[in-house]
Amino acid sequence: MAKKLRLGVMLSGGGTTLLNLLDRIDRGTLDAEVVVVVSSLSTARGREHAERHGIPTHVVRRKDFASTEAFSDAVSAQLDAAGVDLVCLAGFMVMWHVPERYLGRTMNIHPALIPSFCGQSMYGHLVHEAVVAKGVKLSGCTVHFVNNEYDAGPIIVQKAVPVAYEDTPDDVARRVFVQECDAYPEAIQLFAEGRLRIEGDRVRILPKAP
Ligand code: GAR
């Protein structure tokens with residue numbers, strides 16, 4: 001059997017993204033295993049989910065370090081120690097300076113169609129509030145490679161949802177999350193199959209090997 005892709009999941013909150021990945025792995029539709037979870041908060045629900053699933057989990061808190069660099073080094077050290085192939089940001093709300101060795105193998109999911117409704121201070125529920133306030137007719141989610149700018153790395157997968165005039169931010173969040181549950185595993189599976197090639201600012205998706 002081919003070696004499974006070793007995922008490092010980084011989170012700060014509820015961990016629904018982690019649970020979805022674990023579910024897809026269980027169902028056999030994602031050829032990967034979560035080998036480590038890094039939580040930026042000791043109180044994150046996602047940390048409890050990870051521990052319940054027997055996944056090695058480390059809390060690395062920004063406030064315990066003097067600088068972003070020192071914090072980032074501590075995070076990267078946990079990923080190194082676990083032998084991570086691909087880092088998945090899953091609602092990780094702290095700035096982690098991605099070292100050279102993880103560029104091109106770190107992904108993020110954002111709950112909007114980048115380059116709209118993204119950037120610093122635009123995350124989680126705030127995104128859906130901004131979407132409703134602006135009256136856009138489509139929103140969605142984006143999986144992208146992470147570089148060291150907010151939500152700016154090469155885009156891998158996007159999925160759109162309609163937004164109706166009557167929708168509340170919670171309605172949009174629910175609809176987008178359904179799409180997130182397909183988009184993230186799809187992007188990770190493409191990576192596992194070696195089918196993502198970064199060309200400048202864009203990602204080319206290679207055809208499946210015969
Ligand atoms: C993700 O599902 C994504 O929509 C959002 O945080 C959620 C994490 O929820 N990510 C961002 O806003 C990134 N800018 P979770 O903690 O329950 O997995």
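Read the numbers this way: they start at 1 and go in the same order the structure lists the ligands and their atoms.
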(request) Salt-bridge test for R204 and E199: reply yes if a basic N is under 4.0 Å from a carboxylate O, no otherwise. (result) yes
(message) Show the atoms of ligand 1 that are less than 4.0 angstrom away from any heavy atom in Y123.
(response) 12 (O), 14 (N)
(message) Between R197 (side chain only) and L206 (backbone N and O only), is there a donor and an acceptor less than 3.5 Å apart?
(response) no
(message) Taking 4.0 angstrom as the limit and counting only heavy atoms of T16, give me the atoms of ligand 1 inside it, by number and element.
(response) 9 (O), 15 (P), 17 (O), 18 (O)
(request) Using a strict 4.0 Å cut-off to heavy atoms of H110, name the atoms of ligand 1 that fall inside it. (result) 13 (C), 14 (N)
(message) Give me the nearest non-hydrogen protein atom to atom 8 (C) of ligand 1 as residue plus atom name, then the distance to 0.1 Å.
(response) G91 CA, 3.6 Å
(message) Looking only at distances, can you tell me whether any N or O atom of G14, backbone or side chain, sits closer than 3.5 Å to an N or O atom of ligand 1?
(response) yes
(message) Holding to side-chain hydrogen bond (donor to acceptor under 3.5 Å, both in side chains), I want the full list of residues that pass it with R195, two or more places apart in sequence or in another chain.
(response) E193
(message) Taking only non-hydrogen atoms of G15, do any sit less than 4.0 angstrom from ligand 1?
(response) yes
(request) In sequence, state the C-alpha distance, the side-chain angles, and the governing distance for R47 and S42, and then conclude on side chain to side chain contact (heavy atoms under 4.5 Å, CB included). (result) CA-CA 7 Å; R47 176 195 173 191; S42 54; 3.6 Å; yes
(message) For atom 13 (C) of ligand 1, tell me which residue out of L11, V9, L19, I109 has the closest non-hydrogen atom.
(response) I109
(message) Quick one about D170 and H125 (side-chain donor to acceptor, distance below 3.5 Å, no hydrogens or angles considered), yes or no?
(response) yes
(message) Looking only at side-chain N and O atoms, does D171 offer a donor or acceptor that is under 3.5 Å from a partner on T168?
(response) yes
(message) Within the 4.0 Å heavy-atom shell around P111, which atoms of ligand 1 are there?
(response) 3 (C), 4 (O), 5 (C), 10 (N), 11 (C), 12 (O)
(message) Quick check on contacts: which atoms of ligand 1 are under 4.0 angstrom from a heavy atom of E180?
(response) 1 (C), 2 (O), 3 (C), 4 (O)
(message) Which of the numbered atoms in ligand 1 are under 4.0 angstrom from any heavy atom belonging to G13?
(response) 16 (O)
(message) Could you tell me, atom by atom, which parts of ligand 1 come under 4.0 Å of a heavy atom of T17?
(response) 1 (C), 2 (O), 8 (C), 9 (O), 15 (P), 18 (O)
(request) Take L196 and F145, measure what side chain to side chain contact (heavy atoms under 4.5 Å, CB included) needs, and give me the verdict at the end. (result) CA-CA 10 Å; L196 299 178; F145 282 113; 3.9 Å; yes
(request) Assess the side chains of D80 and Y102: does a donor N or O sit below 3.5 Å from an acceptor N or O? (result) yes
(message) Is there a polar contact between ligand 1 and G124, counting only N or O atoms under 3.5 Å apart?
(response) yes
